[in-house]
Amino acid sequence: MAIMTFCTHTIFEDGASLKLAGVLQSLGIKNPLLCTDSGLNQSGMVDQLLAGLGDIFPTSVFDQTPANPTEEAVEQASRQYKEMGCDGVVALGGGSSMDLAKAVALAVTHAEPLLSYTAGLGGMSKIREVAPLV
């Protein structure tokens, strides 16, 4: 197994997604929100990932990630996170799903509008701990 750590922890190997349950446990996540897109959901990849989690994690799936995440999509996913009692976020897919998941992790833990956290507006200093994110 190859592990790269540089501001993030990345596991590279065939079948790495099977390690998700252990990663979630190590972060104390019991009820994650999975942020993905409809194409990956329709491809069966979401079902495959969920099967690897077994019955241990009641995972809520948000698969309406647009090609370039919008504030509306973040609000919808954040609402689902809160309604389903989620305690962490998992991104499955490319950059759009990862961007959406990062924004949700921020939005569910911070009250101000997302725009107020942009670096160009001095928002970085307002960011405190966000929801756990995989």
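Because the structure is a prediction, the values reported are computed rather than measured. Side chains are part of it too, since the values below use all heavy atoms of this structure and drop only hydrogens, waters and symmetry mates. Numbering starts at 1 and runs along the sequence shown.
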How close do [X] and [Y] get, counting heavy atoms only, and between which atoms?
X: I29; Y: P132; result: CD1-CB, 3.5 Å
X: L18; Y: G52; result: CD2-CA, 4.3 Å
X: V130; Y: A105; result: CB-O, 3.4 Å
X: L24; Y: P32; result: CD1-CG, 4.1 Å
X: A77; Y: L33; result: O-CD2, 3.5 Å
X: E129; Y: H110; result: O-CE1, 3.6 Å

Check your understanding: Quick check: are there more than 12 heavy atoms from other residues, nucleotides or ligands sitting under 6.0 Å from NZ of K126?
Key ->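 It does: K126 NZ has more than 12 such atoms within range.
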Practice item. Could you pull out all residues at least two apart from E75 that satisfy salt bridge (Lys or Arg N to Asp or Glu O under 4.0 Å)? Key: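 Expected list: none.
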Taking only residues two or more places apart in sequence or in another chain, which ones pass side-chain contact (heavy atoms from CB on, under 4.5 Å) with [X]?
X: S17; value: L49
X: M45; value: L40, S43
X: Q42; value: S38

Is there a path of hydrophobic side-chain contacts, each under 4.5 Å between heavy atoms of I/L/V/M/F/W/Y residues, joining [Y] to [X]?
X: L34; Y: M84; result: no
X: V46; Y: V23; result: yes
X: I127; Y: L100; result: yes
X: L50; Y: L27; result: yes

Point to revise | Close side-chain approach of V134 to L20, heavy-atom, < 4.5 Å | key: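 The answer is yes, as the side chains (C-beta and beyond) meet within the 4.5 Å cut-off.
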Practice item. Step by step, work out the side-chain contact (heavy atoms from CB on, under 4.5 Å) result for F57 and N31. Key: CA-CA 6 Å; F57 299 94; N31 185 16; over 6 Å; no
Review point. With sequence neighbours left out, what residues match D37 under side chain to side chain donor-acceptor pair (under 3.5 Å)?
Key: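 So D37 forms no side chain to side chain donor-acceptor pair (under 3.5 Å) with any residue.
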Side chain of [X], backbone of [Y]: donor and acceptor closer than 3.5 Å?
X: R128; Y: T109; value: yes
X: T36; Y: L92; value: yes
X: Y81; Y: A107; value: no

About how many Å separate [atom2] of [Y] and [atom1] of [X], when rounded to the nearest 0.5 Å?
X: T70; Y: N68; atom1: OG1; atom2: CG; answer: 9.5 Å
X: F62; Y: S97; atom1: CZ; atom2: OG; answer: 9.5 Å
X: L115; Y: E71; atom1: CG; atom2: CD; answer: 7.5 Å

Exercise for review: Check step by step if side-chain contact (heavy atoms from CB on, under 4.5 Å) holds for E13 and K19.
Suggested key: CA-CA 10 Å; E13 71 178 349; K19 298 188 181 301; 2.4 Å; yes
Review point. Tell me, which pairs form a side-chain hydrogen bond (donor to acceptor under 3.5 Å, both in side chains) where one or both residues lie in residues 47-61, sequence neighbours left out?
Key: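 Residue pairs passing side-chain hydrogen bond (donor to acceptor under 3.5 Å, both in side chains), neighbours aside: S60-Q80.
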